[in-house]
Student: 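Here it is, the structure in full.
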Amino acid sequence: GEASAFLAHQARTPLASLSLSARTAREALSGDATAAAGAVDAASAALAREAAARIEADATRLSTLFSRVRSLSGFKDPEPEELDPAAVLSEAVATAGARDPRVTAAAVTVSREGGPATARLDRAYLREAFVNLLSNSAEACARCASPFSASLAMRFKPGRLELDYSDAVSGLPPGEASRVGRPRYTTKPDGTGLGVWLVGRIAALHGGSLSVSDTPAGGLRFLMTFPRDGGS
């Protein structure tokens, strides 16, 4: 049941993006100006290329998604590798940005405190967690008509790694932050409440945890804590 709900939730956004991007490309290539001139003008061609890039990014994400949950029997065990969480965040920004132009590298800041530059985590899982957080943040900013911005503070501490993600605006009623991440809790008319739940599940699969709280600036803070082998 969890795997089926996860699949439905995760597939909804890229499928909608695929449809919109395909329609945008088709209209750019078959507009009145194109028909009259007998060729694609530069602006239409650029628009079509951008739409094609979004289609490619979402198709790749869907392929990976269905591969991971094809058995609908639960989540696979993490396959940790030595990686830089900031680099994985950059990959997630590119994925989320292909669907929502508000999400850009310039709008996301990263800081690092202590320890080495890398940690052993599952790249695909961590990227999926970041994509969910970035997408939720962008949607909240759109609902509140606020500019998108987010930050990630990485803290390498004895025995644990903290990935502290926060955004600019929550879009939630006061006091609702503690409910974020519970299955089926959502403030969106068409939401499933599984996005942040998935982030918590990913942390748990690594033996870690997720906590959600308000920020003083009115956004949301998602603190992912992961254990580190040997307490190094």
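Worth saying up front: this structure is predicted, and the values here are computed from it rather than measured.
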Student: Of all the heavy-atom pairs spanning P147 and C141, show the shortest one and how long it is.
Tutor: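 Smallest interatomic distance, heavy atoms only, reads O-SG, 3.6 Å.
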Student: Indicate yes or no for a side-chain donor-acceptor contact from D167 to the backbone of G219 under 3.5 Å, with no hydrogens or angles considered.
Tutor: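 A pair under 3.5 Å: no.
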Student: So does E81 pair up with R123, basic N to acidic O under 4.0 Å?
Tutor: yes
Student: Are V212 and V196 close enough, and set up right, to give a side-chain contact (heavy atoms from CB on, under 4.5 Å), and what steps lead you there?
Tutor: CA-CA 9 Å; V212 184; V196 178; 4.3 Å; yes
Student: How many angstroms lie between CG in L220 and OG in S166, if you round to the nearest 0.5 Å?
Tutor: 9.5 Å
Student: Looking at side-chain heavy atoms only, is the closest gap between P78 and L205 below 4.5 Å?
Tutor: yes
Student: What are the two closest heavy atoms between A119 and L161, and how far apart are they?
Tutor: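 Closest pair (atom of A119, atom of L161, distance): CB-CD2, 3.7 Å.
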Student: Would you give the length of the straight line joining atom CZ of R201 to atom OH of Y125, rounded to the nearest 0.5 angstrom?
Tutor: 8.0 Å
Student: If the condition is side-chain contact (heavy atoms from CB on, under 4.5 Å), which residues does D100 pass it with, not counting sequence neighbours?
Tutor: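 Listed in chain order: R102, V103, A138.
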Student: Can you name the residues that form a ring pair (Phe, Tyr, Trp, His ring centres under 6.0 Å) with F226, not counting sequence neighbours?
Tutor: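 For F226 the ring pair (Phe, Tyr, Trp, His ring centres under 6.0 Å) partners, ignoring immediate neighbours, are H206.
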Student: Decide yes or no on side-chain contact (heavy atoms from CB on, under 4.5 Å) for V108 and F148, but give the supporting numbers first.
Tutor: CA-CA 9 Å; V108 181; F148 168 82; 4.0 Å; yes
Student: Please lay out, stage by stage, how T118 and L83 fare under the test side-chain contact (heavy atoms from CB on, under 4.5 Å).
Tutor: CA-CA 5 Å; T118 61; L83 54 80; 5.9 Å; no
Student: How many angstroms lie between atom CG of L121 and atom CE of M224, to the nearest 0.5 angstrom?
Tutor: 9.5 Å
Student: Tell me, do S137 and Y165 make a side-chain contact under 4.5 Å, heavy atoms counted?
Tutor: yes
Student: Side chain to side chain donor-acceptor pair (under 3.5 Å) with D164: which residues, sequence neighbours excluded?
Tutor: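 Only R155, R221 meet the side chain to side chain donor-acceptor pair (under 3.5 Å) criterion with D164.
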Student: To the closest 0.5 Å, what do you measure between CD (E82) and CZ (R120)?
Tutor: 6.0 Å
Student: Atom CZ of R160 and atom OG of S209: how far apart are they, to the nearest 0.5 Å?
Tutor: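 Here the rounded value is 9.5 Å.
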Student: If you group Ile, Leu, Val, Met, Phe, Trp and Tyr by side-chain heavy-atom gaps below 4.5 Å, do V88 and L223 land in one group?
Tutor: no
Student: Are V131 and L163 linked, directly or through other ILVMFWY residues, by side chains that come within less than 4.5 angstrom of each other?
Tutor: no
Student: Going through the distances and angles, do L133 and V199 end up as a side-chain contact (heavy atoms from CB on, under 4.5 Å)?
Tutor: CA-CA 8 Å; L133 294 177; V199 177; 4.1 Å; yes
Student: With rounding to the nearest 0.5 Å, note down the distance linking CG in L89 to CG in L134.
Tutor: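 Between L89 CG and L134 CG, I get 6.0 Å after rounding to 0.5 Å.
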Student: Hey, could you give me each pair passing side chain to side chain donor-acceptor pair (under 3.5 Å) that has a residue in residues 105-115? Not counting sequence neighbours.
Tutor: D84-R112
Student: So, using side-chain contact (heavy atoms from CB on, under 4.5 Å) as the criterion, who are the partners of S90 when residues are at least two apart?
Tutor: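 Counting only residues at least two positions away or on another chain, S90 forms no side-chain contact (heavy atoms from CB on, under 4.5 Å).
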Student: Please list, chain by chain and in numerical order, all residues satisfying side-chain contact (heavy atoms from CB on, under 4.5 Å) with L47, sequence neighbours excluded.
Tutor: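 L47 satisfies side-chain contact (heavy atoms from CB on, under 4.5 Å) with T24, A28, E50 once adjacent residues are dropped.
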